[in-house]
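Please read all numbers here as calculations on a predicted model, not as lab measurements. Positions are given from 1, in the same order as the sequence printed here.
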Amino acid sequence: MRALPVFAVLLAMAVHTSAEADAQTPPTTTSIFLGGVPSGTRTDTSLTISIQEAMTRALAHNLGVLTAEAEVEHAQGRRRRELSALLPNVSGRVSETRQQINLQAFGFGGFGDAFAGVPTVVGPFNVFDARVYVSQAVVDVGATENARAEAHNVRAAQHMYEGSRDFVVWVTGNLYLQALAASARVDSARAQRDTAQALYTQAVD
């Protein structure tokens with residue numbers, strides 16, 4: 001069997017097939033599936049690949065599939081952010097101050113011998129304060145509905161991702177079979193040419 005083109009050529013053939021595939025295309029823009037994310041070292045050597053390898057490369061490098069996968073992760077991140085509003089809010093504060101206290105300002109002193117020998121100003125001394133605050137909303141209808149909405153968005157993004165994979169697999173398989181059919185037609189035409197040449201040579205003889 002003749003060597004088949006690499007997947008880059010199959011993606012180029014998708015331009016011709018995309019008009020027929022519109023009915024089965026997921027809601028994502030069709031043109032994004034014509035792009036790819038290359039990897040590895042570029043080579044001009046023809047490669048013979050199986051249909052399974054062609055589909056594996058398509059799913060790993062097709063821009064539409066990668067975009068749909070990123071959208072799933074984005075939707076999951078938004079859902080986690082909305083769920084955080086339903087969790088307890090914990091905060092803390094730590095402080096340290098150095099103070100001096102005037103006892104006379106608090107009413108101490110000036111009572112004769114009762115406070116004899118006690119300085120009117122105490123300090124300086126350090127005051128260390130550490131506090132933890134916990135708050136929890138008992139009922140937050142808005143946050144609950146937002147979290148539920150984002151859960152639906154995650155499932156929608158997952159369905160979109162699965163639809164994108166199915167679409168790429170379908171197009172890749174279709175183009176692969178078209179390449180096989182084209183290769184078979186070339187071989188058939190060459191065989192017919194060789195047969196005609198043989199018959200012509202025989203007739204001349």
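In this structure, the side chains of Asn126 and Thr97 stay at 4.5 Å or more apart for every pair of heavy atoms.
Taking a 6.0 Å sphere around OH of Tyr200, one finds it holds 12 or fewer heavy atoms contributed by other residues, nucleotides or ligands. Surrounding CD of Gln100 are more than 12 heavy atoms belonging to other residues, nucleotides or ligands, all under 6.0 Å away. Counting heavy-atom neighbours within 6.0 Å of Gln99 CD, excluding the residue itself, gives a total above 12.
In this structure, the separation between CZ on Arg193 and OG on Ser188 is 12.0 Å, given to the nearest 0.5 Å. For the atom pair OG1 (Thr172) and CE (Met55), the distance works out to 6.5 Å, reported to the nearest 0.5 Å. In this structure, CG on Asn153 lies 11.5 Å from CE on Met160, to the nearest 0.5 angstrom. Residue Arg185 holds its CZ atom at 10.5 Å from CG of Leu180, rounded to the nearest 0.5 Å. Once rounded to the nearest 0.5 Å, the distance linking CZ of Arg79 with CZ of Arg148 reads 11.5 Å.
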**OP:** Dump the intermediate steps for side-chain contact (heavy atoms from CB on, under 4.5 Å) on Thr67 and Ile32, then the final yes or no.
**Re:** CA-CA 9 Å; Thr67 302; Ile32 197 173; 3.5 Å; yes

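Smallest separation of non-hydrogen atoms from Ala54 and Ile49: CB-CD1, 3.9 Å. Shown here for Thr144 and Asp140, the closest heavy-atom pair between the two residues is OG1-O, 2.8 Å. The shortest non-hydrogen separation linking Ala68 to Ser164 is CB-OG, 3.7 Å.
A salt bridge links Glu71 with Arg78: at least one charged nitrogen is closer than 4.0 Å to a carboxylate oxygen.
Side-chain atoms of Ser183 do not come within 3.5 Å of backbone N or O of Ala179 as any donor-acceptor pair. Side chain of Asn62 to main chain of Phe33: a donor-acceptor pair is present (N/O by atom type, distance under 3.5 Å, no hydrogens or angles). A donor-acceptor pair under 3.5 Å is formed between the side chain of Asn146 and the backbone N or O of Gly142. In terms of modelled atom types and a separation under 3.5 Å, the side chain of His61 and the main chain of Gly36 share no donor-acceptor contact.
The other members of the hydrophobic cluster of Val94, by chain and number, are Phe128 (side-chain heavy atoms under 4.5 Å, ILVMFWY only).
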Enumerate, atom names and distances included, each donor-acceptor pair closer than 3.5 Å involving a side-chain atom of residues 80-93, sequence neighbours excluded.
| residue | atom | partner | partner atom | Å |
| --- | --- | --- | --- | --- |
| Ser84 | OG | Arg81 | O | 2.4 |
| Arg93 | NH2 | Asp129 | OD2 | 3.3 |

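Partner of Gln197 under the side chain to side chain contact (heavy atoms under 4.5 Å, CB included) criterion, chosen from Thr201, Asp194, Thr195, Leu199: Thr201.
Note on Val168: it clusters hydrophobically with Val72, by side-chain heavy-atom contacts below 4.5 Å among ILVMFWY residues.
Applying the side chain to side chain contact (heavy atoms under 4.5 Å, CB included) criterion to Pro38, with sequence neighbours excluded, gives no partner residue.
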